[in-house]
Each structure stands twice: as C-alpha cells, then as structure tokens.
Amino acid sequence: MLTTEDFTRFPQQMWEKVLSKVKKAVVFMDDKCAEALHWSGGAAVLLEAGARNLKEFSSFEACGANEPKAVFVVSTLLKGRTVDIIKDIISLSHFQYCVVITTVAHSVHLLANNVTTEMEGNPVFEQFEEKLCEWMGNMNYTAEVIRVPVVFAPVSQQLILTPTFAHLFPLLSPDLESINAKRPEKKRFGSLVDIDTHSLPVELQLEIKSLASALNSVFEATGTREESFAVGPMSRIIAGELANHPQAKNRRKTAPNKASIIFVDRTMDLTGAVGHHGDNLVEKILTVLEPLAGHVTDVQVDMLELTSLQRTPHSQTTLAPGCLAQTRSPAAQSLWEAMLTSKHKEAVMEVRRHLVETASKEKLPIKMSMGRVTPEQLCSYMQLFRRSWGALESHCGVLQLGLATAQTLRHPGLPRWDACLAFERLLLQALGDSEFPAVLRQLLPLMKPRGGEDSTASGSRSREDECGADELVLLLVYLYSLADEAQPADQDTEEEELEKLERELIGVLTLVITREPELSPLLQKLTVRVQTGSRNTRTIYTIKKA
C-alpha cells in the first residue's frame with residue numbers, strides 16, 4: 001500500500017544516485033540544486049560519500065593538478081551560459097574524469113534543440129560527453145552526462161517543495177495580451193482558459209515540461225498511476241503535460257498504486273498567500289527572518305548568542321548563519337515537525353521543553369520556570385551551552401531552532417504581523433456587512449507614513465505595530481481578492497465612487513512609499529523610480545500600472 005514515506009524517500013533516493021558518482025571528486029553545484037541538497041542532508045552527505053570538496057558553479061572556480069575528477073550538478077539545460085561555465089571550469093583545471101548531472105530530462109533537451117520527435121538513446125547527452133573530453137584535452141578521458149531529478153526538497157514528513165520551480169507563476173491578463181499580440185487576429189485567444197502549451201513562450205514551455213517530467217519520475221519510483229485535477233489555466237496546462245508525458249501512458253497501465261494530484265494556481269487563492277495567519281510559528285519565522293542567501297525555503301538564524309563574541313555592527317559577518325533545515329539530528333527533526341504542525345502557543349512551549357530536556361541531559365545548571373514562554377527565557381537556556389563545546393556540537397540542531405524561535409518572538413516586525421491579522425479580520429467582517437467602497441474607505445486611515453506625525457498624534461497606533469508600505473500593499477491585495485469573490489460582477493452604480501476612492505488610495509500609497517527610507521524587494525518590483533529636481537536630485541517612486 002502506498003504511504004507518505006514512499007514519497008518523502010524519493011528525494012533521498014535521487015541524491016543517492018548523485019552520491020554514487022562523487023567519490024574522490026570536486027563537486028560543482030548551482031544554487032537550486034544546493035537548496036534541494038540542503039534539505040536532504042547538506043554538504044555533509046557529499047563529503048561522507050567521498051567528495052573532496054564542494055564548490056559554487058561559477059566560471060571563477062577551478063581545481064588543481066591533484067584534483068583530476070569533477071562532478072557538475074545543475075538544474076538547467078545543457079545550453080548557453082551553463083555550457084560556458086562548465087567549459088570555463090574545465091579549461092582552468094586538469095580533469096581526466098568529468099560527470100555532468102542535470103535535473104532536466106533528455107526529452108526537454110530535444111525540444112530545446114528544436115527536435116520534436118522521440119529518438120532512441122540520449123544523443124544530446126552523448127554529444128555533450130564528446131565536448132567534455134574535447135575540453136579536457138584528451139578524447140580517451142572519461143566523461144558522463146546523466147539526468148537525475150534532484151529538484152525536490154523534503155521539508156518535513158508531510159511536505160515536499162520544489163525550489164527549482166519557485167519562480168514558475170500562473171498566467172495573468174497581461175500574459176494573454178502578450179501572447180495574442182504575436183498571433184493573427186482570427187486566432188487570438190478569448191481568455192486565459194483557451195491558451196494551450198504550444199502558444200506559450202518557448203522558455204515557459206520548457207519549464208512546464210521539466211516540472212511534468214520531474215513529477216512523472218516521482219510516480220514512476222512509487223509505482224503510482226495518478227488522477228489529475230486542475231484549478232486555474234496554468235494548472236490545467238501542467239496537468240495536461242503530465243497526462244501526455246511519453247512515459248506516463250505505459251506507467252499508468254502497470255502501476256499498482258493510485259493517487260490524486262491537485263494543481264492549483266496560486267492566483268486562485270491570493271487571500272491565503274498574502275494573509276497573516278496567527279496560529280503557526282514557522283510561518284512567522286519564515287516571514288520575519290532574513291532569507292538564507294541563494295535560498296527560497298530557508299532563513300538565516302543569528303548564531304552569535306551561542307558564542308562569547310561581542311555584538312557589533314560587523315559581528316553579523318563573523319559567523320556563518322544557522323538555518324531551519326536540521327536533517328542530521330533526530331531530536332531537531334522531531335522539534336521541527338512539532339513547530340510545523342502545532343499551533344503557535346503549543347509550538348513555543350515545545351521549543352522550551354526540548355531545550356530544558358537537552359540541558360538536563362547534559363547536566364547544565366538550568367533553572368526551571370513555568371508560565372508564558374519569553375524570548376529572554378529561551379535565550380538564557382541556550383546560553384548555558386556556551387560553557388560546553390561538546391554539548392553545543394551535539395545539540396546544535398535543536399539550538400538553531402530555538403534561536404530562530406527566540407529571534408522571531410522579539411523581532412520588531414512581529415507586532416505589525418499581529419496588527420495586520422487584526423485588520424484582515426475587521427476587513428473580512430466589514431465586507432460581509434457593507435458595500436465594497438465603504439470597506440475601502442475604512443482602509444484609508446491606515447494609509448499613513450510609518451512613524452509620521454499624524455499617527456503619533458492620534459495615539460491610535462504605536463510605532464511598533466504601524467503598518468509599513470509592504471503591509472499596506474498586502475492588505476490591499478487581500479481586500480481586493482475577497483471582494484472579487486464576494487461581489488457580483490455588475491456594480492455599475494458604485495463605479496464612479498470606487499474610481500474616486502481608488503485614485504485617492506493610489507495617491508496616499510505613493511506618498512507612503514516615497515517616505516520609506518529604503519524600499520523592500522517587493523516594493524522595488526511594484527514601483528518605477530523617477531529622478532527629479534535640478535541641483536539636489538530627488539528620487540520619487542511611483543506605482544507601476546497593473
């Protein structure tokens with residue numbers, strides 16, 4: 001019988017194929033594959049499998065004469081910039097044995113090379129093997145090119161993510177206009193639902209086919225015949241690609257297990273994507289802490305409190321950051337699962353319980369305390385481990401999760417999270433009782449520059465829980481998404497009032513953005529920078545048109 005463990009084991013099974021190639025090799029890996037490895041044991045599993053070193057996939061890297069073997073692990077097609085980087089690294093090194101592992105299927109490589117028919121063997125990979133030998137300088141040297149779909153990150157026993165496809169986004173109305181602009185008048189699509197795979201840009205077609213191929217690999221490994229359901233135009237296209245995958249038809253005839261897979265366009269549930277849900281600790285950690293460099297699924301945990309270093313403006317760069325992916329420690333994995341699945345209060349208490357039990361096992365002088373868990377209390381427990389290097393090393397996983405919790409609980413952005421959650425509940429209630437323009441009018445008092453005189457004078461909000469520009473944008477998306485669901489399409493009588501309110505909102509939001517000392521990555525994507533003035537040049541940000 002098919003179980004969840006069959007699926008969660010799949011990423012590790014794929015990495016075992018990679019590990020079988022890395023003995024005595026220097027491994028070059030791109031960011032997306034490195035993130036998938038991050039949740040499957042990290043660099044340690046490569047070194048334990050016999051790898052000599054792990055390096056960034058970059059033209060600025062190379063190896064010495066005493067390092068004759070290289071393994072390249074990439075998440076891209078063997079074309080363009082990827083080929084250039086591999087060639088640069090080989091040219092600067094002295095390899096005699098090269099293995100290239102790509103996550104992209106050979107069938108997708110054929111499509112990328114404008115070959116639409118199926119061919120026997122893997123001619124694209126075989127031709128690339130010849131190029132590798134040519135770059136190494138001897139056609140008798142050894143070269144291998146294989147495909148291994150190491151695109152899945154097992155975040156927990158119940159959750160697998162695909163960081164490689166994090167940028168894949170559902171189709172929007174501007175996409176429809178762009179596609180129709182390249183088609184004859186009579187063949188233009190009436191809506192997003194009418195778009196098929198072949199009408200999409202080639203790059204997007206390749207991404208979708210790569211995702212379908214990766215999913216097919218999962219079902220092959222688990223002996224599963226899937227039943228697909230799709231919500232949204234992009235999901236329908238992906239489900240169709242999976243159904244028409246060349247290897248899927250034979251698999252579905254013989255697979256002993258059965259499972260349902262549901263594809264959902266994220267744009268079909270924007271309220272869930274932008275909403276602030278107060279019951280989960282991990283959601284708050286992922287929101288308030290800085291992302292881990294090059295990652296989309298993990299965050300940086302400041303490790304300074306586990307050392308005796310003084311906190312200075314430059315101390316952040318002294319230590320490598322910790323993270324949430326603690327796959328090497330059973331105790332940390334158990335705590336992580338509890339943090340993911342429990343409510344906020346229960347999760348925080350579970351963190352305290354793990355820290356107390358761990359300190360007791362190590363016979364550290366811990367003082368028990370009951371009642372509400374505070375970040376200061378958690379930090380006092382973790383600082384006890386500074387006195388014992390052995391205990392610190394043995395329980396580093398639990399300590400990193402504890403630090404992530406403490407740093408989130410005392411983060412200055414957390415009060416704004418709670419304020420946004422309260423506003424969302426009020427807006428939801430108001431939308432059920434009032435017309436949309438009336439609800440939109442209730443949002444106007446919030447649209448003030450953070451820390452401004454008006455907000456301080458009114459006393460309605462403290463500086464800590466004032467919504468910044470980012471939070472205001474999210475509240476607007478939340479409200480408009482709910483309004484589309486709650487209202488009928490024909491609201492002609494309110495159109496004039498609504499347009500007036502929206503113009504006012506845009507003006508106020510623009511003012512809020514111009515008062516921000518530094519724009520977040522989100523706001524940088526949503527705004528256009530305009531230079532004005534003569535002698536003293538000013539920078540003004542205006543909101544892009546949707």
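All values below come from the heavy atoms of this structure, side chains included, with hydrogens, waters and symmetry mates left out.
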Please check if the number of heavy atoms outside [X] that lie under 6.0 Å from its [atom1] is greater than 12.
{"X": "Glu48", "atom1": "CD", "value": "yes"}
{"X": "Met349", "atom1": "CE", "value": "no"}
{"X": "Gln310", "atom1": "CD", "value": "no"}

* In chain order, what residues pass the side chain to side chain donor-acceptor pair (under 3.5 Å) check against Ser20, with sequence neighbours excluded? -> none
* To do: Can you sort out the partners of Ser329 under side chain to side chain donor-acceptor pair (under 3.5 Å), two or more places apart, ordered by chain and number?
  => none
Is there a donor-acceptor contact under 3.5 Å from the side chain of [X] to the main chain of [Y]?
{"X": "His354", "Y": "Glu350", "result": "yes"}
{"X": "Asp265", "Y": "Thr267", "result": "no"}
{"X": "Asp298", "Y": "Ala325", "result": "yes"}
{"X": "Asp418", "Y": "Pro415", "result": "no"}
{"X": "Asp269", "Y": "Arg266", "result": "no"}
{"X": "Gln407", "Y": "Asp302", "result": "yes"}
{"X": "Gln524", "Y": "Leu519", "result": "yes"}
{"X": "Ser394", "Y": "Ala391", "result": "no"}
{"X": "Glu424", "Y": "His276", "result": "yes"}
{"X": "Trp336", "Y": "Val155", "result": "yes"}

* Less than 6.0 Å separating the ring centroids of Phe263 and Phe229? -> no
Holding to side chain to side chain contact (heavy atoms under 4.5 Å, CB included), I want the full list of residues that pass it with [X], two or more places apart in sequence or in another chain.
{"X": "Ala166", "value": "Val296"}
{"X": "Glu61", "value": "Phe28, Lys55, Glu56, Ser58"}
{"X": "Ala36", "value": "Trp15"}

Lys/Arg-Asp/Glu bridge criterion (N-O < 4.0 Å) met for [X], [Y]:
{"X": "Glu357", "Y": "Lys361", "answer": "no"}
{"X": "Glu346", "Y": "Lys343", "answer": "no"}
{"X": "Lys284", "Y": "Asp279", "answer": "no"}

* So which pairs with a foot in residues 390-403 pass salt bridge (charged side-chain N to carboxylate O under 4.0 Å, His left out), sequence neighbours left out? -> none
* To do: Flag the pair Leu401 / Val351 as yes when at least one side-chain heavy-atom distance between them is below 4.5 Å, and no otherwise.
  => no
* Do the side-chain N and O atoms of Thr222 and Asp6 include a donor-acceptor pair separated by under 3.5 angstrom? -> no
* Do Ser260 and Glu226 meet the criterion of a side-chain donor-acceptor pair at a distance under 3.5 Å? -> no
* Given the rule in the side-chain hydrogen bond (donor to acceptor under 3.5 Å, both in side chains) test, do Trp39 and Thr297 qualify, once you have shown the distances and angles that lead to the verdict? -> CA-CA 9 Å; Trp39 290 97; Thr297 57; 2.9 Å; yes
